Amino acid sequence: MSGAETVSADATETSAGFKAIGEQQYFAEFFEQFDAIADEMKLHLDDGGLFGIVVDPANVGMCRDSLDREALEHYSATGGVIGLNLSRILDILGMGNSEDLVELELDTETRKLHIQVDGLSYTLALIDPDSIRKEPEIPDDLDLPATMTVDFADLKRGITAADMVSDHIRFRTGTSEEGKLAVYVEAEGDTDDVDLELTHEKLVAIDAEPGDGDSLFSLDYLKDIKKPIPKDAEVRIELGEEHPIKFHYGHTEMGDGGLAGDCTVMLAPRVQSD
Amino acid sequence: MSGAETVSADATETSAGFKAIGEQQYFAEFFEQFDAIADEMKLHLDDGGLFGIVVDPANVGMCRDSLDREALEHYSATGGVIGLNLSRILDILGMGNSEDLVELELDTETRKLHIQVDGLSYTLALIDPDSIRKEPEIPDDLDLPATMTVDFADLKRGITAADMVSDHIRFRTGTSEEGKLAVYVEAEGDTDDVDLELTHEKLVAIDAEPGDGDSLFSLDYLKDIKKPIPKDAEVRIELGEEHPIKFHYGHTEMGDGGLAGDCTVMLAPRVQSD
Amino acid sequence: MSGAETVSADATETSAGFKAIGEQQYFAEFFEQFDAIADEMKLHLDDGGLFGIVVDPANVGMCRDSLDREALEHYSATGGVIGLNLSRILDILGMGNSEDLVELELDTETRKLHIQVDGLSYTLALIDPDSIRKEPEIPDDLDLPATMTVDFADLKRGITAADMVSDHIRFRTGTSEEGKLAVYVEAEGDTDDVDLELTHEKLVAIDAEPGDGDSLFSLDYLKDIKKPIPKDAEVRIELGEEHPIKFHYGHTEMGDGGLAGDCTVMLAPRVQSD
C-alpha cells in the first residue's frame, strides 16, 4: 500500500491537475468500502494512485483503501486532496456497468469533478476538505498476535448467524477437537447462542506461530463493512485480546494477476463491562 | 401418518434423548406449514419421526404435519414433547441450503436444542410446552363428501385471483358445460367477480362418487397457508356444505419415490349470515 | 393510427357487441401506457381495433394509444365506448403470461366486461364514461421542428441520470465536437449537473433538415411514462423551443413484422420563469 506514506500534513492543499480513466468496477469497489463507514471522504490524488482513510463519527470503524494507478488505463495526478460525497459518486458510477470505462477529471478552476460514463457527463461539486472529519491514524503496532486468513464467505456466514441472536459478535482463537488451531465466531443472545467454528482445514492461511485472540465487536458495524467485500475475497484477520480487529483484503485482480489496490478495515472492540 | 396415533395426553412430559440428522429441505418444509398458522408449536419426538398439530388463536386454521424418520439420515428419539418458536428455527434452517445436512440434538440437561448447519452451531432455548396453546383435534368424521385432487398451481391461481376482488373465497362442486363434475373457485367483490373453473380434465383425481360441496372461507388464512406448499404438489381437497375444508399434501419426494411426511391443513368455514 | 379518426362526439353512447381474443402481451402493453398517466380511461371499441386518449389531472401528460385488430386472434366490435379502471384490468391481465390467450367480452345487459385468462373468469364492473375526465386533443400542428429517433435505452439512461441531480430535464438539439447534429439530455441540480450527449452516430434516425429544439420538462412525469415502453423500442422524439415534447413508439412486433398498435405520449413543457 504505497499510498499510505503520502498522507501528509498538508491534506488541505488545493490539488492541481488530475485525470483518471479506468474500468467502473475498480472505482466502484474503491469507494464502496469508504461509504460503509463515512458519508464524505478526503480523496488523495497521489502519484501512485488514489488513496484515502476515513473514520465513522463514533470513532469505532476505520477504513484505509488504495487504488493503484497500474489498475487504470490512464492516470495523471500532481498531488493534492479533494473532498467527495461518497453516495453521490457511487450513484454516478452506478450508471455504468463493471467493465465500462469511466473518466474522472478535475476542473481546477471551478473546483468540480467531471465524470464520464459511456456518453454521460456528470459534474460533481466538491466538498472543502477542511470541512471533512480529520483522517485517523490506523496504527500498525497494535498487539494483534492472532493472524489468519479466511474465505470471506465463511466470515459473512458467521456475521449473518450472529445477527440472529445478538447485537455483538466475538472472534476468538481456540483449539478444535482435533487439537488444532481454529477460529471461533460466536454470539450470545438473551436466550440463544450461535457459534461458527472455522477449523484448521477451513482457514486459508495461519501465521507460523499465531498468538491468542479474543475480542467482542458491534454487529452494526460489521454488517455494513461486509457489504462491499468481493464475494470471492480472502480476508486476513488480525486479532488480539480485547483489542481492535483488522480485516485486510485486496481489490479485484487484474488480467495479469496483480491487485488493483488493497483495503484495511479496523474496528474498535466493545468493552466487556459485565 | 403414523405419528398421529402418538399424540398422547402426556404431551407435557419432558423428553429424553433426541437427535436427528437430515437434509435441510425436509426440516424446513415441515416447520414452514406450522409457521403459516402459529408462532409456537409443541414438537412431538415420536418413535416414527417428528410430529405436531397447531391451531391459530382464532381457532380457524389448523395444521397437522409429520416428518418420517425414513426421510432422515439419522433419527433417534425416546418420545416426549418440546416447545419451539417457529420463526426462530426457520431462521436458523435458512442459514443452510436445501441439501445441506442439518443436525438437531436435544441437550436434556440445559433443555436447549443444538442445531448444526455446515459448521455453524446454534443453541436454541426451548419453550415450556405447557405455555403453548393446547393442540386441537382435527376430526376425521366431518361430513366432507366432495373429495378431489388438484394441482397446487391451479389452487394457488384461484386464491390469487379471488384476492383481487374480495376477502372471501368459495369452493364448490358443480357441473361443467360438458356435463361433467367440476370444481369452482369463486369470489364476489362489491363490483367485480372472479371465477375459476377446474374442469374434469384439469382435476388430478376425483372420488368415485363424490358428494356436493359448497363453502366459503377467509382469504387471509388461505393466503398464508398456500405459501409453504411445494410448487409441484398435488393437493387433495375435502369439501362439504358450509363445513370446514381440508387440504392434504405430501412432502418432498425422496430418491426412492417415498414421501418425507404428510400434511393436513383444515380451515373453518365463514358463516354466511346474509 | 387509423383509430384516431373514430373519436366521435358521441363518446358516451352505449356500446353494442364487443369481443376480442388475443395474446396477453398486446392487451397489457396497450393498457400500461395509459395507466402511467391516468387511473381511468374511455376505451373506444372501434371497427379497426381498440383506441383511447387520456390526460393526467394537471393536464401535463397525455397518451394516445391503439391496438389494431390485426394483432388479435379475434375481434368484433360494433363501436361504442366503455369506461375502465386501468389498474383493475392490468391486475387481471397480470394473472396470465405474455403469450396466454385472453378474451374480453362485453355483456351488454349487465354492462360488465367478462375477461377470461386460462380458465379464470373475471367480471369487471364498468365505469360510466361520462364520469371520466374528458379526452384531450393531441394537436398535430405544434411547432416541433426537431425530429429524431433514439434507442429507448439511451432515453431511459438520460432520465435516470437526470433524476440523480434535479426534478427537471432539458432536451435540446445542438452540434457535437465533430460538427454534426446531436441531441443533449441535460439536468442542472443545485450543485451537480448531468449531461448525456446522443451523437449523430447514436441516433437511430434524424429528419432530413431538422430544426432546433430546446425545452424543459418535469422528471416526475417522464419517470412514469418510461416504465411501460418496451426495452428494445425505438422512440421518435418531436421537440421544439419551449414547446411540448412528443414521444412516439410502436407496440410489440407481430410474427409478420407488423405492429400491434402505436402510441404517442405528449408532455407539456415547464415554463422557465427564472
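None of the values given here were measured: they were computed from a predicted structure. The chains referred to below are lettered A, B, ... by the order of the sequence lines, with proteins before strands, and numbering in each begins at 1.
Using a 4.5 Å cut-off between heavy atoms, C:Ile92 contacts chain B through both its backbone and its side chain.
Atom CD of B:Glu241 is surrounded by more than 12 heavy atoms from other residues, nucleotides or ligands within 6.0 Å. The environment of B:Glu178 atom CD is dense: over 12 non-hydrogen atoms of other residues, nucleotides or ligands sit within 6.0 angstrom. Remark: C:Glu73 CD is packed, more than 12 non-hydrogen atoms of other residues, nucleotides or ligands lying under 6.0 Å away. Atom CD of B:Glu177 has 12 or fewer neighbouring heavy atoms from other residues, nucleotides or ligands inside a 6.0 Å radius.
Separating the CG atom in B:Leu196 from the CG atom in C:Leu120 is a distance of 5.5 Å, to the nearest 0.5 Å. One distance of note links CG of C:Asp118 with NZ of B:Lys202; it measures 4.5 Å at 0.5 Å rounding.
When atom types are taken as modelled, the side chain of C:Lys112 and the backbone of B:Thr191 share a donor-acceptor pair closer than 3.5 angstrom.
In this structure the side chain of C:Met95 never reaches within 4.5 angstrom of the side chain of B:Val194, judged on heavy atoms.
Below 4.5 Å, heavy atoms of chain C meet no heavy atom from residues 28-39 of chain B. Of all residues in residues 155-163 of chain C, none places a non-hydrogen atom less than 4.5 angstrom from a non-hydrogen atom of chain B.
Of the listed residues (B:Asp195, B:Leu198, B:Asp192), the greatest number of heavy-atom pairs within a distance under 4.5 Å of chain C belongs to B:Asp192.
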